[in-house]
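The structure displayed is predicted, hence computed values, not measured ones. Just so we're on the same page: letters track the sequence lines, and every chain starts at 1.
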Amino acid sequence: MQNNSNGIMLFKELVEVFEKLKKTQSRLEKTAIIADFIKNVPPDEMPVVVTFLIGRVFPLWDERKIGIAGQTIIKVISSITYNSESKVIESYKRTGHLGITAEEMFQRRRQAMFFEADELTVMDVNRTFAEIARQAGAGSAAKKQKLLIGLLHRATPKEAEYIVSLAIEYVLSGAKEGVMEEAIAKAFGVDVELVRRANMLTSDLGETARVAMLEGERGLKGISIRPMRPVRPMLAQNVASIQEALEVLGGRADFETKYDGARLQVHKLGDQVRLYSRRLENLTEALPEIVRYVKQSVKADSVILDCECIATDPKTGRPVPFQNILTRLRRIYKVEETEKLFPLFLRPFDILYVNGESMIDLPFIERRRILEQNIMPVDEKCKPATALITDKVEEAQELFDESIKRGNEGLMAKDLQATYTPGVRGRKMVKIKEVLDTLDLAIVSAEWGHGRKAGWLTSFEVAAYDEENDRYLVLGKVASGFSDEQLQEMTERLKPLIHAERGRVVDVKPDVIVEVKFQEIQKSPIYSSGYALRFPRLVRVRDDMSPEEVNTIGRVLNIYDISHGKPARHVGPQPDGCGDNPA
DNA sequence: GATGCCTGCCC
DNA sequence: ATTCTGC
DNA sequence: GCAGAATGGGCAGGCATC
């Protein structure tokens with residue numbers, strides 16, 4: 001885009017499309033609406049229009065961040081509409097959507113002057129977002145707000161709604177990448193699979209649309225995987241058992257340890273190495289030892305590897321808590337010091353590219369062979385993940401048990417014939433995780449929901465009972481696992497129990513008990529118990545239990561101790577089936 | 001210089 | 001991450 | 001079966017504020 005051009009697409013045209021999309025739930029209709037619209041977008045503006053239409057500010061690979069989210073938006077709406085922040089929060093609590101709150105409050109503000117000649121274009125909005133992203137250093141927070149306010153001053157209420165929604169990437173038009181891929185195919189008469197493939201490889205639907213428009217299928221076919229350009233990793237679906245994994249994968253599969261680490265995509269080109277996270281963040285600078293290992297163990301001139309980055313306690317040989325790995329990932333200061341505390345290892349498990357050739361269309365079993373040919377193990381520090389190919393439940397089960405015994409999460413299982421499908425969470429690669437523990441806990445506070453769930457209490461703080469001090473100690477929040485119906489019931493049930501309000505949060509009398517399952521108990525820096533549940537979700541509402549029957553904090557500590565290989569500190573009655581499940 | 005809020009991103 | 005919902 | 005949406009704990013960094 002030329003720097004002096006405002007473009008010809010008006011922002012209000014985009015707003016109209018969003019409004020049409022919201023009116024229908026049908027994917028086919030959404031596809032048709034978008035296809036119709038993007039046919040007439042000038043090629044120069046296509047990347048921005050398409051990026052905005054899927055509710056993003058910048059393409060996925062783009063390292064820029066807008067640095068504005070809910071809290072800032074509340075301030076901005078307050079300042080521009082002359083409402084107090086608490087008024088804005090009040091509206092937000094009701095609408096569950098800051099875009100809609102902006103629209104409402106713009107409606108009510110004294111009518112500002114709109115000049116026909118000064119209508120906002122899509123490129124105006126894009127330029128301001130880019131300018132906001134550029135701000136850094138002292139005073140930048142205020143400057144970001146000022147830029148956004150400047151833009152909103154030129155907006156109609158409806159435009160304000162979508163400027164805000166876009167800024168916080170909360171558009172809710174039901175059209176994300178899946179719909180957009182189909183729309184691009186429809187608009188420009190190209191094969192949808194080619195569009196998907198181009199999007200997988202570039203993570204840039206805007207650019208994909210431009211190519212589809214200008215060069216058609218030939219252009220799309222010309223897009224290829226290449227080192228130093230990150231590709232979205234293939235994702236795994238959950239299955240409940242080894243048996244199910246084998247069924248899904250055709251009776252015979254590759255099983256590998258599932259590590260509790262971070263996904264890492266390793267690119268090597270000549271003597272250059274670059275590391276990307278699952279969301280395509282560049283982590284190279286944070287992980288210098290991984291760069292060294294890659295240089296030592298990969299002889300090929302150019303490769304792209306799919307890996308897990310893990311950490312093991314040198315004394316016990318067991319995996320360190322994920323929290324410790326997290327301290328490494330995006331670190332830019334004290335990198336060396338932290339490396340000494342938590343040195344990382346690399347477990348490559350797939351190969352996408354080697355010496356000028358794409359591997360992604362080869363079957364997994366071929367790629368695995370090529371992977372092993374290309375990795376010279378550096379003792380425990382860098383070696384391919386162990387793999388077992390079997391059609392026997394018992395063999396895989398044995399590997400699973402061993403994985404758990406060693407403190408890992410379970411197993412991954414892979415379809416031997418599957419190609420590498422970037423960005424897809426399909427049933428070609430599945431994960432089998434450990435059977436979980438559960439606790440019966442009291443709800444002590446709740447929070448109002450957003451979007452589709454506005455007007456319901458949708459997130460619930462849960463607590464265990466501290467007998468010694470006759471109080472409840474919080475273990476975190478639970479929101480997953482509730483059906484819409486359960487949420488509505490829960491809202492009605494909790495309303496009469498509310499005894500205090502703090503913004504979007506209400507405190508309630510501990511009277512409702514829920515059974516919650518989780519993967520792990522971890523130390524918490526914020527919750528009053530000092531512990532928190534990892535991946536909490538509802539199993540059932542315990543209508544059969546009274547508040548005195550919730551699990552005690554002693555029980556929680558016991559589960560923590562046992563799962564961390566320590567003797568339990570607390571004795572006392574331990575009902576069957578809980579807390580005796582070593583993780 | 002310490003602290004705390006906010007944002008974005010690991011799982 | 002997990003889970004639910006509707007196409 | 002899949003995409004989309006709504007939600008979890010916890011970390012570092014950036015900035016504002018004290």
Side-chain angles (χ1 to χ4, degrees), chain A residues 24-31 54-55 63 65-75 96 135-144 168-182 235-238 248 259-264 277-281 283 286 308-309 321-335 338 409 423-427 431 433 436 447 449-454 456 458-462 475-487 516-527 531-539:
Chain A
T24 173
Q25 270 198 315
S26 154
R27 282 174 63 95
L28 288 172
E29 272 182 62
K30 287 181 197 285
T31 304
I54 57 172
E63 293 191 8
K65 316 272 178 254
I66 197 162
I68 283 181
Q71 299 311 119
T72 310
I73 294 293
I74 288 169
K75 284 188 191 152
Q135 303 306 313
S140 62
K143 189 71 196 294
K144 281 173 194 267
I168 57 178
E169 299 195 331
Y170 193 72
V171 175
L172 303 190
S173 65
K176 296 291 214 195
E177 290 185 81
V179 171
M180 183 57 78
E181 285 166 347
E182 283 160 31
L235 302 171
Q237 235 174 59
N238 252 322
V248 162
Y259 299 104
D260 189 12
R263 192 82 175 261
L264 212 56
S277 70
R278 190 183 132 177
R279 304 229 339 224
L280 313 188
E281 297 292 312
L283 303 183
E308 193 75 6
C309 176
F322 180 74
Q323 283 160 295
N324 297 338
I325 295 178
L326 258 189
T327 67
R328 295 287 319 273
L329 297 185
R330 272 159 309 146
R331 178 170 290 281
I332 56 181
Y333 306 112
K334 300 187 177 175
V335 171
T338 321
E409 284 191 325
V424 176
R425 192 185 291 283
R427 282 159 83 83
K431 51 188 168 182
K433 294 180 81 162
L436 308 165
E447 196 169 342
H450 300 90
R452 198 172 65 78
K453 297 183 177 177
W456 304 341
T458 56
S459 170
F460 309 93
E461 217 176 23
V462 290
L475 280 165
K477 292 184 279 192
V478 190
S480 199
F482 290 85
S483 65
D484 286 4
E485 199 187 346
Q486 281 177 309
L487 287 175
V516 177
K517 82 172 160 173
F518 51 90
Q519 186 181 316
E520 186 187 20
I521 294 176
Q522 56 192 18
K523 287 240 158 95
S524 168
I526 60 165
Y527 289 113
Y531 295 84
L533 308 180
R534 188 171 182 211
F535 310 146
R537 57 264 208 198
L538 176 85
V539 177

Checklist entry - Can you give one letter per nucleotide of nucleotides 1-7 of chain C, going 5' to 3': B for a protein heavy atom under 4.0 Å from the base, S for sugar-phosphate only, - for none? => result SBSSSSS
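- Contact annotation: A:Thr72 side-chain N/O to B:dC6 OP1/OP2 distance is not under 4.0 Å.
- The side chain of A:His450 places an N or O atom within less than 4.0 Å of a non-bridging phosphate oxygen (OP1 or OP2) of D:dT7.
- The NZ-P distance, from A:Lys453 to D:dG4, rounds to 17 Å in whole Å.
- Comparing A:Leu172 and A:Leu475 along DNA chain D, the residue whose closest nucleotide (by nearest heavy atom) sits nearer the 5' end is A:Leu172.
- Residue contacts shown for A:Lys144 are absent, as no nucleic acid heavy atom lies under 4.0 Å away.
- Nucleic acid contact for A:Arg263: sugar-phosphate only, since backbone atoms but no base atoms lie under 4.0 Å from a heavy atom of the residue.
- Across the interface with DNA chain D, nearest-nucleotide mapping of A:Lys523 and A:Gln237 shows A:Gln237 to be the residue nearer the 5′ end.
- Summarising the geometry, the separation between CD1 on A:Ile168 and C1' on D:dA5 is reported as 14 Å, rounded to the nearest angstrom.
- With D:dA6, B:dC11, B:dC9 as the choices, the nucleotide that has an atom nearest any side-chain atom of A:Lys65 turns out to be B:dC9.
- Taking only side-chain nitrogens and oxygens, A:Tyr527 never comes nearer than 4.0 Å to OP1 or OP2 of D:dG10.
- OP1 or OP2 of D:dG8 lies within a sub-4.0 Å distance of a side-chain N or O belonging to A:Ser459.
- Residue contacts for A:Val424: at a heavy-atom cut-off of 4.0 Å it reaches no nucleic acid atom on any strand shown.
- For residues 322-331 of chain A, the pairs satisfying salt bridge (charged side-chain N to carboxylate O under 4.0 Å, His left out) are A:Glu289-A:Arg328, with sequence neighbours left out.
- Rounded to the nearest Å, the gap between the C1' atom of B:dC6 and that of C:dT3 is 27 Å.
- Between A:Val516 and A:Val539 there is no side-chain heavy-atom pair separated by less than 4.5 Å.
- Judged as a salt bridge (Lys or Arg N to Asp or Glu O under 4.0 Å), and not counting sequence neighbours, A:Arg278 has no contacts.
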Next on the checklist: Output one letter per nucleotide in nucleotides 13-18 of chain D: B when a protein non-hydrogen atom lies under 4.0 Å from the base, S when only the sugar-phosphate is that close, - when neither is.
Outcome noted: SSSS--
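- Among pairs with a residue in residues 476-487 of chain A, those fulfilling salt bridge (charged side-chain N to carboxylate O under 4.0 Å, His left out) read A:Glu447-A:Lys477, A:Arg452-A:Asp484, at least two apart in sequence or across chains.
- Put simply, the side chain of A:Phe322 does not reach to within 4.5 Å of the side chain of A:Glu520, judged on heavy atoms.
- Contact between the side-chain N/O atoms of A:Lys176 and the OP1/OP2 oxygens of D:dA3 is not found at any separation under 4.0 Å.
- A:Tyr259 comes within 4.0 angstrom of nothing in the nucleic acid, heavy atoms only.
- Scored by the side chain to side chain contact (heavy atoms under 4.5 Å, CB included) test, A:Gln486 finds A:Phe482, A:Ser483, A:Leu538, A:Val541 as partners (sequence neighbours excluded).
- Taking atom C1' in both C:dT2 and B:dT7, one finds a spacing of 23 Å when rounded to whole Å.
- When the side-chain nitrogen and oxygen atoms of A:Gln323 are compared with OP1 and OP2 of D:dC11, one or more of them lie within a distance under 4.0 Å.
- Residues satisfying the salt bridge (Lys or Arg N to Asp or Glu O under 4.0 Å) test with A:Glu182, not counting sequence neighbours, are A:Arg27, A:Arg196.
- At least one donor-acceptor pair under 3.5 Å links the side chain of A:Glu308 to the backbone N or O of A:Gly261.
- In this structure, the nucleotide among D:dG4, B:dG8, D:dC11 sitting nearest to the side chain of A:Val179 is D:dG4.
- Within 4.0 Å of A:Ile325, counting heavy atoms only, lies no atom of the nucleic acid at all.
- The salt bridge (Lys or Arg N to Asp or Glu O under 4.0 Å) test applied to A:Lys143 returns no partner, not counting sequence neighbours.
- A:Lys433 meets the salt bridge (Lys or Arg N to Asp or Glu O under 4.0 Å) test with A:Glu409; sequence neighbours excluded.
- Comparing atom distances between the A:Arg534 side chain and each of B:dC11, B:dC10, B:dG8 picks out B:dC11 as nearest.
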